[in-house]
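Notes for the one structure printed next.
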Amino acid sequence: MDLTAAKIRDRLGSRPFKFYEQCASTNDLALELLAQHPLVEARAAAELICTDEQTKGKGRLGRSWYAPPGTALMLSLILPLTNRHELPRMTMLGALAIAEMAESIGAPGVGIKWPNDVQLNGRKLSGVLSEANWLASQGSSQLQGVVVGMGINVRIDFSDTPFADSAVSLEPAVGHSLDRTDLLADLLGRIDYWYARRSSDSLFEAWRGRLNMLGQPVEVRQPDGVISGIAESVDADGALYLVDRAGVRQRVIAGDVALGGV
Ligand code: BTN
């Protein structure tokens, strides 16, 4: 087994972590932990919750996320954060760290599909779900920290599934077996690096530089409809700018992007 508590302890040294062979959702566990101990400044950076299987894994936009045991890297990090303006940077940071990790082992065609799916040649390798914890006090709410959840396909066999053409795993992409604990250790190093630079231009530039749909016609699916246009640019808060057929520019902050339309 390439991902166990003992292996993680060996690789991570003093970093606090919790490992579950099975849990409902690492994001939910991390959010509970954060709510119980809201003094985030006193916590170690990037506390980790990791599992081999989730029974109620959560995806973006209310979707679910599941991977068979032994096939994926599923984790949540509790990141201390009190400045709400830095929230979009946490999602950038997660996607960027995964993209860099995939590049470092030679995965082909690494790109980020706005805002935070990591793809290999246009097929989904991984998703990031960031969830903030707020503490209500005296009529306003104060950010206490953020949970960044990541699911990375390592050896999920998508053939004979509805995702055969749209999803991909790392091992078949690089052509050899991988150790999930090694991937985890590499990923955490990159997250620590970018977390320390979370308000820098370099984080934004590195994320933007990997976006794979800029300049192309796209459709953005949102709860209240679909917008289409040319994906023109992004801003430092992670928003996407679309220019529609009439030349009107729209700022989009969330949604599901696909190539096409216009
Ligand atoms: C997406 O692409 O929709 C985001 C998927 C995020 C999945 C991960 S798996 C670990 C963590 N715990 C969860 O419940 N979800 C995230």
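In listed order, ligands and their atoms are each counted from 1. Values below: all heavy atoms of this structure, side chains included; hydrogens, waters and symmetry mates excluded.
A salt bridge is absent between D182 and K7: the closest approach of a Lys/Arg side-chain nitrogen to an acidic carboxylate oxygen does not fall below 4.0 angstrom. Taking 4.0 Å as the cut-off between side-chain N and carboxylate O, R249 and D244 do not count as a salt-bridged pair. Taking the charged nitrogens against the carboxylate oxygens, R11 and D179 have no contact shorter than 4.0 Å, which rules out a salt bridge. With respect to D2 and R155, a salt bridge is recorded, a charged nitrogen being found less than 4.0 Å from a carboxylate O.
Scanning the protein heavy atoms around atom 11 (C) of ligand 1, the nearest turns out to be T26 OG1, 3.2 Å. Ranking protein heavy atoms by distance to atom 6 (C) of ligand 1, first place goes to K58 O, 3.6 Å. When only non-hydrogen protein atoms are considered, atom 9 (S) of ligand 1 lies nearest to Q54 NE2, 3.4 Å. Among all non-hydrogen protein atoms, the one lying nearest atom 3 (O) of ligand 1 is R60 N, 2.6 Å. For atom 5 (C) of ligand 1, the nearest protein heavy atom (residue, atom name, distance) is W65 CE3, 3.3 Å.
The ligand atoms of ligand 1 that sit less than 4.0 angstrom from a heavy atom of V128 are 4 (C). Taking a cut-off of under 4.0 Å to the non-hydrogen atoms of L75, the atoms of ligand 1 that pass are 10 (C), 11 (C). Under a 4.0 Å criterion applied to the non-hydrogen atoms of G57, ligand 1 contributes the atoms 14 (O).
Residue-level proximity to ligand 1 for S126 is absent, since no heavy atom of it falls below 4.0 angstrom. Residue contacts with ligand 1, taken as heavy atom pairs separated by less than 4.0 Å, involve D117 solely via side-chain atoms from C-beta onward.
Taking each of R63, M74, K124, K56 in turn, the one with a heavy atom nearest to atom 2 (O) of ligand 1 proves to be K124.
Residue V154 is not grouped with residue I156 when hydrophobic side chains (ILVMFWY) are merged at heavy-atom distances under 4.5 angstrom, including chains of intermediate members. Put simply, L75 and W65 are part of two different groups of oily side chains (I, L, V, M, F, W, Y) that touch within less than 4.5 Å, one to the next.
Inspection of the Q22 and D52 side chains reveals no N or O donor paired with an N or O acceptor under 3.5 Å.
Rounded to the nearest 0.5 angstrom, K18 NZ and L33 CG are separated by 5.0 Å.
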